[in-house]
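First the structure, in the form of structure tokens, and then the observations on it.
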2 protein chains.
Amino acid sequence: MSSRRTIRSTEPMALYGRGRVSAQRAAIAKAAEAMSGAFVAEELHRAVTSVEPGIGLATVYRAISAMQSAGTLVTVGERDGCALLAICVRGDHHHHLVCTECGAVVGIDCPIDETTMRAAAREGHLVTSHQIVLYGLCARCRARTENT
Amino acid sequence: MSSRRTIRSTEPMALYGRGRVSAQRAAIAKAAEAMSGAFVAEELHRAVTSVEPGIGLATVYRAISAMQSAGTLVTVGERDGCALLAICVRGDHHHHLVCTECGAVVGIDCPIDETTMRAAAREGHLVTSHQIVLYGLCARCRARTENT
DNA sequence: ATGAAAGTGAGATTGATTCTCACTTTGGGA
DNA sequence: TCCCAAAGTGAGAATCAATCTCACTTTCAT
């Protein structure tokens with residue numbers, strides 16, 4: 001009785017790491033990869049349903065959760081109380097610069113160096129993890145903004 | 001008909017920067033300063049009402065908002081989906097190390113240096129702001145944990 | 001002393017995210 | 001190829017931190 005129809009499944013299940021291949025997840029992963037820069041759950045849902053109508057918001061949230069567990073989707077901040085997400089396949093330890101103009105996300109090498117660790121250690125503290133987000137302008141927006 | 005009673009107002013309105021002196025705000029500021037380390041809105045509310053019953057949760061949220069605007073209260077992360085807060089009166093630019101053991105918050109010098117800014121600039125990007133939170137063990141908890 | 005503005009309490013509301021549940025799809029065996 | 005237990009899904013309900021509304025109270029410049 002459901003109006004749910006079978007959608008052809010595609011291959012980029014890679015973003016999930018594990019789990020079954022469902023047409024919905026494939027469509028969601030594809031849409032996530034197609035997003036330009038950072039996005040919010042609701043935006044991803046809109047993007048997916050514009051291509052494959054009928055995919056529920058809960059399914060999108062579940063897919064987001066799965067990709068986050070797999071480490072291929074990360075939270076890069078927040079916007080209006082919503083988690084700001086971005087696909088991230090870079091393997092090494094790094095952080096992200098979110099363009100405040102267009103939402104683009106670019107990887108940035110971790111600025112936490114020996115100096116910081118040692119300064120903390122000097123006070124007796126031990127840094128075990130950290131969370132860093134940079135905001136600014138991506139190269140494209142910077143070039144567009146600056147009138148040399 | 002209200003059971004609200006007059007509470008003596010204290011002086012530490014300093015955390016608000018501006019605004020009128022109300023007994024409630026004074027009590028909230030006092031409780032916030034008395035908290036050991038980072039806390040959540042609900043915890044601050046409990047702390048305040050344990051001393052001055054009758055103060056509403058909305059009032060606590062309003063006070064939090066006011067202190068954040070004044071820059072004396074900052075968000076240092078989140079815990080179980082709730083904003084993790086901490087009093088911060090240090091004037092210079094810095095960040096915080098939140099002890100994952102006891103919740104203590106200690107100021108840490110900003111690790112974003114010329115190197116990072118230049119690395120971003122090399123790619124054409126411009127970093128305008130950033131957000132950093134360090135997690136680890138404060139000196140006290142580190143000492144307690146390590147059995148030399 | 002006064003009154004307009006700021007602040008407050010209680011409860012309703014909002015809105016992102018999660019959960020429930022009955023149903024559908026997947027995929028490793030038999 | 002068929003089976004079926006487990007995984008996945010859609011719709012809508014439920015959560016719950018945070019905000020808003022509104023009638024009432026307090027503050028403080030005048």
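So that the names make sense, note that chain A is the first sequence line, chain B the second, and so on, each numbered from 1.
Protein atom CD of A:E43 is 16 Å distant from nucleotide atom P of C:dG15, rounded to whole Å. Atom pair A:R25:CZ and C:dT26:P shows a separation of 12 Å (rounding to whole Å applied). Rounded to a whole Å, the CG atom of B:L44 is 15 Å from the C1' atom of D:dA17. The interatomic distance linking A:E42 (CD) with C:dT14 (P) rounds to 17 Å, in whole Å. Spacing between atom CD of B:E52 and atom P of C:dT8 amounts to 13 Å, rounded to whole angstrom units. The nearest whole Å value for the distance from the CE atom in B:M13 to the C1' atom in C:dG7 is 11 Å.
In this structure, B:V48 and B:A31 approach most closely via the heavy-atom pair CG2-CB, 3.5 Å. Considering every non-hydrogen atom in both A:C88 and A:H96, the closest pair reads SG-NE2, 3.5 Å.
The aromatic rings of B:H95 and B:H130 are tilted relative to each other, their planes meeting at an angle between 30° and 60°.
Open room surrounds CD on A:E101; 12 or fewer heavy atoms of other groups in view lie less than 6.0 Å from it.
Taking 4.0 Å as the cut-off between side-chain N and carboxylate O, B:E43 and B:R79 count as a salt-bridged pair.
Using modelled atom types, one side-chain atom of B:H125 and one backbone atom of A:A139 make a donor-acceptor pair closer than 3.5 Å. A donor-acceptor pair under 3.5 Å is absent between the side-chain atoms of B:T49 and the main chain of B:I55, judged by distance alone. With hydrogens and angles disregarded, a donor-acceptor distance shorter than 3.5 Å links the side chain of B:T100 to the backbone of B:G136.
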I'd like a table of atom pairs between the protein and nucleotides 28-30 of chain D - only N or O on both sides, under 3.5 Å - with the distance next to each one.
from, atom 1, to, atom 2, distance (Å)
D:dC28, OP1, B:V21, N, 3.1

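Distances shown here put a side-chain N or O of B:Q24 below 4.0 Å from the OP1 or OP2 atom of C:dG9.
Nearest-nucleotide positions on DNA chain D place A:T59 closer to the 5' end than the other of B:L57 and A:T59. With the nearest nucleotide of DNA chain C identified for both B:R18 and B:A58, B:R18 has the one nearer the 5' end.
Using a 3.5 Å distance cut-off with no hydrogens or angles, the side chains of A:T145 and A:R142 do not pair a donor with an acceptor.
Within residues 61-87 of chain B, the residues having any heavy atom under 4.0 Å from DNA chain C are, by residue number, B:R62.
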